[in-house]
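Single-structure report; data block below.
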Amino acid sequence: MLSNAYKDEL
Amino acid sequence: MNIFRLTGDLSHLAAIIILLLKIWKTRSCAGISGKSQILFALVFTTRYLDLLTSFISLYNTSMKFIYIGCAYATVYMIYAKFKATYDGNHDTFRVEFLVVPIGGLAFLVNHDFSPLEILWTFSIYLESVAILPQLFMISKTGEAETITTHYLFFLGLYRALYLMNWIWRFYFEGFFDMIAIVAGVVQTILYCDFFYLYVTKVLKGKKLSLPA
């Protein structure tokens, strides 16, 4: 899968 | 952190607080789907397990605690404290038809096949449809209290603002997260019909009632 970039979001 | 992200988070917080205050002030959870609220509590629980493994910022950590705390407080009010006012007869959406396929999907389509990652993915997919029992309940009774529609408006606005946030992040930070984006688009679309009714009826001072 593509990047896993949003872990800093709620 | 950009303006869309921040207003999105605040909009989400506003929705959660509006619902809690509505139940607390009226001493009633009439018209509120307990099933949707259980799903949201499940969403926060499975998504924020990273509280135990990683620290991002004080803002991030405190908001996560607030969201989880409020979600469980809401469930407690509906199923315990104000149970007598809960309209269970109209809250008949079969949540297993959501949770089971979404659990399967989270196993199949994820960024990494690890327990935390699968649970995070599950929470993203589940959040996109967690409002369905509430919308189903409104379509069944044909009406919603105005304060309930404000709750739904801020909840929908939050996801719409997150979509703007992701467009921003794609342009200025150069990355995107396909799982979050697809689920976020689905989630926002579910609110479109409601947004239309909200603008054409509630904002003009009328109660939200659906044609029979």
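A quick note: this is a predicted structure, and the numbers were derived from the prediction, not measured. Heavy atoms only: backbone and side chains are in, while hydrogens, waters and symmetry mates are out. All chains are named by letter (A, B, ...) in the order of the sequence lines, taking the proteins before the strands, and each is independently numbered beginning at 1.
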Any chance [atom1] of [X] has more than 12 other-residue heavy atoms, nucleotides or ligands included, within less than 6.0 Å?
X	atom1	value
B:Lys140	NZ	yes
B:Phe55	CZ	yes
B:Phe44	CZ	yes
B:Tyr59	OH	yes
B:Met63	CE	yes

Checklist entry - Tell me, do B:Ile181 and A:Tyr6 make a side-chain contact under 4.5 Å, heavy atoms counted? => result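 When only atoms from C-beta onward are counted, A:Tyr6 and B:Ile181 do touch, with a gap below 4.5 Å.
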Item to check | Which portion of B:Asn60 sits near chain A, non-hydrogen atoms under 4.5 angstrom | outcome: both
Checklist entry - How far does CG of A:Asp8 sit from CZ of B:Arg5, to the nearest 0.5 angstrom? => result 5.5 Å
Checklist entry - Between the side chain of B:Tyr67 and the main-chain N/O of A:Leu10, is any donor-acceptor distance below 3.5 Å? => result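 Checking the backbone N and O of A:Leu10 against the side chain of B:Tyr67, no donor-acceptor pair under 3.5 Å is found.
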Next on the checklist: Between B:Arg47 and A:Glu9, does any side-chain N to carboxylate O distance fall below 4.0 Å?
Outcome noted: no
Checklist entry - Stepwise, does the side chain to side chain contact (heavy atoms under 4.5 Å, CB included) test hold for B:Asp177 with A:Lys7? => result CA-CA 10 Å; B:Asp177 186 316; A:Lys7 286 292 158 59; 5.8 Å; no
